[in-house]
Amino acid sequence: QVQLVESGGGLVQAGGSLRLSCAASGLPFSSTLMGWFRQAPGKEREFVTGISWSGGSTYYSDSVKGRFTISRDNAKTTVYLQMNSLKPEDTAVYYCAADPYGLGSKRVAEYDYWGQGTQVSVSS
């Protein structure tokens with residue numbers, strides 16, 4: 001049984017930082033592409049960032065590039081999202097997603113497993 005459990009969301013002022021974690025189980029984690037997506041009220045779920053199996057390759061949406069950093073610890077089967085210089089437009093529910101044996105995608109449909117989401121709210 002696959003489980004992805006996010007944590008670390010909360011309320012922060014603009015310019016602040018948060019670190020999200022996603023603990024995975026039931027997956028071949030070291031062979032799984034991991035990603036973070038977000039969904040704001042009334043909007044579609046959008047790609048934020050992804051990381052390759054080993055962590056050697058990362059990719060970001062233009063809206064977060066230079067501010068957010070994704071990383072993973074395969075020994076702990078956990079992926080992280082460090083978010084700096086947060087803006088009110090970053091407010092959304094953030095979802096961890098997994099694509100076993102995936103090679104890299106920004107498409108929601110490519111990811112097989114999803115966490116329950118964690119709320120990030122940034123006040124101005």
Q. Could you give all pairs that pass the disulfide (SG to SG under 2.5 Å) test and reach residues 41-82, with sequence neighbours left out?
A. none
Q. Would a 4.5 Å heavy-atom cut-off, applied to side chains only, mark Q82 and I70 as touching?
A. no
**Q.** ILVMFWY network linking V122 to W36, side-chain heavy atoms under 4.5 angstrom
**A.** yes
**Q.** CG on L33 to CD1 on I51, rounded to 0.5 Å
**A.** 9.0 Å
(Q) Just to verify, what does S105 make a side chain to side chain contact (heavy atoms under 4.5 Å, CB included) with, not counting sequence neighbours? (A) R107, E110, Y111
**Q.** Pairs involving residues 81-118, ordered by first then second residue, that meet disulfide (SG to SG under 2.5 Å) (sequence neighbours left out)
**A.** C22-C96
Q: List in chain and number order the residues that pass side chain to side chain contact (heavy atoms under 4.5 Å, CB included) with K65, two or more places apart in sequence or in another chain; answer none if no residue qualifies.
A: Y60, D62
Which pairs of donor and acceptor atoms, one on a side chain in residues 8-20, lie under 3.5 Å apart (sequence neighbours left out)?
{"from": "S17", "atom 1": "OG", "to": "N84", "atom 2": "OD1", "distance (Å)": "2.9"}

Q: To the nearest 0.5 Å, tell me how far F29 CZ sits from R72 CZ.
A: 4.0 Å
Q | Validation row: P28, Y101 side chains within 4.5 angstrom (heavy atoms) | A | yes
Q) Can you name the ring-ring contact (aromatic ring centres under 6.0 Å, His included) partners of Y94, sequence neighbours left out? A) none
Q.
What verdict does the side-chain contact (heavy atoms from CB on, under 4.5 Å) test give for F47 and Y59, after you've listed the backbone C-alpha separation in whole Å, the side-chain angles of each residue and the deciding distance to 0.1 Å?
A. CA-CA 10 Å; F47 172 81; Y59 45 106; 3.4 Å; yes
Q: Can you sort out the partners of A98 under side chain to side chain contact (heavy atoms under 4.5 Å, CB included), two or more places apart, ordered by chain and number?
A: L4, L27, T32, M34, Y113
Q.
Please give me the minimum heavy-atom distance between W53 and L103, naming the atom from each residue.
A. CZ2-CD2, 4.3 Å
Q: Applying ring-ring contact (aromatic ring centres under 6.0 Å, His included), name anything that partners W114, two or more places apart in sequence or on another chain.
A: F37
Q: Give the C-alpha distance, both sets of side-chain angles, the deciding distance and a yes or no for side-chain contact (heavy atoms from CB on, under 4.5 Å) between K87 and R67.
A: CA-CA 10 Å; K87 305 175 181 180; R67 300 187 297 122; 3.8 Å; yes
Q.
For S63, give me all partners under side-chain hydrogen bond (donor to acceptor under 3.5 Å, both in side chains), at least two apart in sequence or on another chain.
A. R38, S61
Q. Do F68 and Y80 belong to the same hydrophobic cluster, where Ile, Leu, Val, Met, Phe, Trp and Tyr are linked whenever their side-chain heavy atoms lie under 4.5 Å apart, directly or via other members?
A. no
Q) Could you state the interatomic distance from CG (D73) to OG (S21), rounded to the nearest 0.5 Å? A) 10.5 Å
Q | Pairwise distance CG(L81) to CD(E6) - rounded to 0.5 angstrom | A | 11.0 Å
Q: Could I get the full list of side chain to side chain contact (heavy atoms under 4.5 Å, CB included) partners for S52, not counting sequence neighbours?
A: S54, S57
Q | All salt bridge (charged side-chain N to carboxylate O under 4.0 Å, His left out) counterparts of E89, not counting sequence neighbours | A | none
(Q) List the residues meeting salt bridge (charged side-chain N to carboxylate O under 4.0 Å, His left out) with R45, not counting sequence neighbours, and say none if there are none. (A) none
Q.
According to a hydrophobic-cluster definition based on side-chain heavy atoms being under 4.5 Å apart (Ile, Leu, Val, Met, Phe, Trp, Tyr only), do V2 and V79 belong together?
A. yes
Q. Are V93 and V108 connected in a single hydrophobic cluster, I mean Ile/Leu/Val/Met/Phe/Trp/Tyr linked by side-chain heavy atoms less than 4.5 Å apart?
A. yes
Q: Look at the side chain of N74 and the backbone N and O of T77, then say whether any donor-acceptor pair between them is shorter than 3.5 Å.
A: no
